[in-house]
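Read the structure below first, then the notes.
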Amino acid sequence: QVQLVESGGGLVQAGGSLRLSCAASGRTFSSHAMAWFRQAPGKEREFVSAINWGGGTTYYADSVKGRFTISKDNAKNSVSLQMSGLKPEDTAVYYCAAGSLNYLSDYVGSYAYWGQGTQVTVSS
């Protein structure tokens with residue numbers, strides 16, 4: 001079992017920055033691929049970014065490439081998402097996810113463990 005708790009969401013103006021963190025507990029965190037997804041009101045949950053267990057390989061949705069950076073700290077059992085150049089369309093609940101994967105997936109069903117989510121609101 002892996003338990004995930006997100007933090008760092010909030011309200012920010014367009015063009016601003018936020019850093020989301022996901023604290024993981026439970027066993028074998030270091031062997032899991034980690035990802036961030038988001039879900040805006042009335043929309044399906046969508047992929048944002050993923051990172052492999054070693055932290056050396058990352059994957060981003062085209063919509064956030066160049067603006068968001070994902071990182072992983074196995075020693076601290078955490079994964080972070082640094083978001084800059086935020087846009088109103090980035091407004092959503094952001095979820096941290098973990099899965100026993102040996103590849104990076106943008107599919108919701110690939111990840112077995114999910115956090116409760118943290119709200120990010122970007123005002124124009």
Side-chain angles (χ1 to χ4, degrees):
Q1 279 293 84
V2 175
Q3 294 80 42
L4 305 172
V5 178
E6 303 95 337
S7 61
L11 173 65
V12 64
Q13 289 188 334
S17 299
L18 278 176
R19 185 178 181 87
L20 305 183
S21 295
C22 174
S25 59
R27 65 182 185 88
T28 66
F29 169 78
S30 62
S31 65
H32 283 70
M34 304 293 295
W36 289 94
F37 286 77
R38 65 187 181 187
Q39 188 166 17
K43 295 187 177 181
E44 293 191 353
R45 194 167 297 189
E46 66 172 4
F47 172 76
V48 175
S49 182
I51 190 166
N52 71 329
W53 69 269
T57 303
T58 57
Y59 177 28
Y60 296 93
D62 288 343
S63 59
V64 306
K65 201 172 295 182
R67 299 188 298 123
F68 292 10
T69 302
I70 191 171
S71 59
K72 192 167 184 267
D73 188 334
N74 285 337
K76 295 183 179 180
N77 281 0
S78 66
V79 61
S80 297
L81 185 69
Q82 178 67 45
M83 306 184 294
S84 59
L86 283 162
K87 306 174 182 180
E89 51 263 44
D90 293 318
T91 295
V93 177
Y94 282 69
Y95 296 90
C96 178
S100 298
L101 309 173
N102 57 8
Y103 61 95
L104 296 183
S105 173
D106 59 6
Y107 175 51
V108 169
S110 296
Y111 298 89
Y113 305 104
W114 293 84
Q116 293 299 308
T118 185
Q119 176 71 46
V120 172
T121 302
V122 184
S123 63
S124 56

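Each residue takes its place number in the sequence, starting with 1. Just so you know, these numbers use all the heavy atoms, side chains as well, and skip hydrogens, waters and symmetry mates.
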Do any pairs count as a salt bridge (Lys or Arg N to Asp or Glu O under 4.0 Å) and have a residue in residues 44-55, sequence neighbours left out, and if so which ones? Arg38-Glu46

Please report the interatomic distance [atom1]([X]) to [atom2]([Y]), rounded to the nearest 0.5 Å.
X	Y	atom1	atom2	result
Phe47	Tyr60	CZ	OH	9.5 Å
Asn77	Lys72	CG	NZ	8.5 Å
Leu81	Leu20	CG	CG	5.5 Å

What's the shortest heavy-atom distance between Ala40 and Thr91, and which atoms? CB-O, 3.7 Å

How close do Ala24 and Leu4 get, counting heavy atoms only, and between which atoms?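 Of all heavy-atom pairs spanning Ala24 and Leu4, the closest is CB-CD2, 3.7 Å.
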
Using only atom types and a distance under 3.5 Å, with no angle test, would you say the side chain of Thr118 pairs donor to acceptor with the backbone of Tyr94?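 No, because the side chain of Thr118 does not come within donor-acceptor range (under 3.5 Å) of the backbone of Tyr94.
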
Listing, residues 62-69 side-chain donor-acceptor contacts under 3.5 Å, not counting sequence neighbours, or none:
| from | atom 1 | to | atom 2 | distance (Å) |
| --- | --- | --- | --- | --- |
| Asp62 | OD1 | Lys65 | NZ | 3.1 |
| Arg67 | NH1 | Gly85 | O | 2.9 |
| Arg67 | NH1 | Asp90 | OD2 | 2.8 |
| Arg67 | NH2 | Ser63 | O | 2.8 |
| Arg67 | NH2 | Asp90 | OD1 | 3.0 |
| Arg67 | NH2 | Asp90 | OD2 | 3.4 |

Side chains of Arg19 and Ser80: closer than 4.5 Å at any heavy-atom pair?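 Side-chain contact under 4.5 Å: yes.
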
Close side-chain approach of Ser78 to Ser21, heavy-atom, < 4.5 Å: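 Heavy-atom side-chain distance check fails, nothing below 4.5 Å.
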
For Glu89, all residues meeting salt bridge (Lys or Arg N to Asp or Glu O under 4.0 Å), sequence neighbours excluded: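 Scan of Glu89 (salt bridge (Lys or Arg N to Asp or Glu O under 4.0 Å), adjacent residues dropped) gives none.
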
With [X], which residues qualify under side-chain hydrogen bond (donor to acceptor under 3.5 Å, both in side chains), at least two apart?
X	result
Ser105	Ser110
Thr121	Gln119
Tyr59	Asp106

Would you list the pairs meeting ring pair (Phe, Tyr, Trp, His ring centres under 6.0 Å) in which at least one residue belongs to residues 98-124, sequence neighbours left out?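 Checked against ring pair (Phe, Tyr, Trp, His ring centres under 6.0 Å) - neighbours excluded - the pairs reaching residues 98-124 are His32-Tyr113, Phe37-Tyr111, Phe37-Trp114.
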
Quick test of your reading: applying disulfide bond (SG atoms under 2.5 Å apart), list the pairs with at least one residue in residues 34-95, sequence neighbours left out, ordered by first then second residue. none

Could you pull out all residues at least two apart from Tyr95 that satisfy ring-ring contact (aromatic ring centres under 6.0 Å, His included)?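 If we apply the ring-ring contact (aromatic ring centres under 6.0 Å, His included) test to Tyr95, skipping adjacent residues, there are no hits.
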
Could you pull out every donor-acceptor pair under 3.5 Å between side chains of residues 6-14 and any protein atom, sequence neighbours left out?
| from | atom 1 | to | atom 2 | distance (Å) |
| --- | --- | --- | --- | --- |
| Glu6 | OE1 | Gln116 | N | 3.1 |
| Glu6 | OE1 | Gly117 | N | 2.9 |
| Glu6 | OE2 | Cys96 | N | 2.8 |
| Glu6 | OE2 | Gly117 | N | 3.2 |

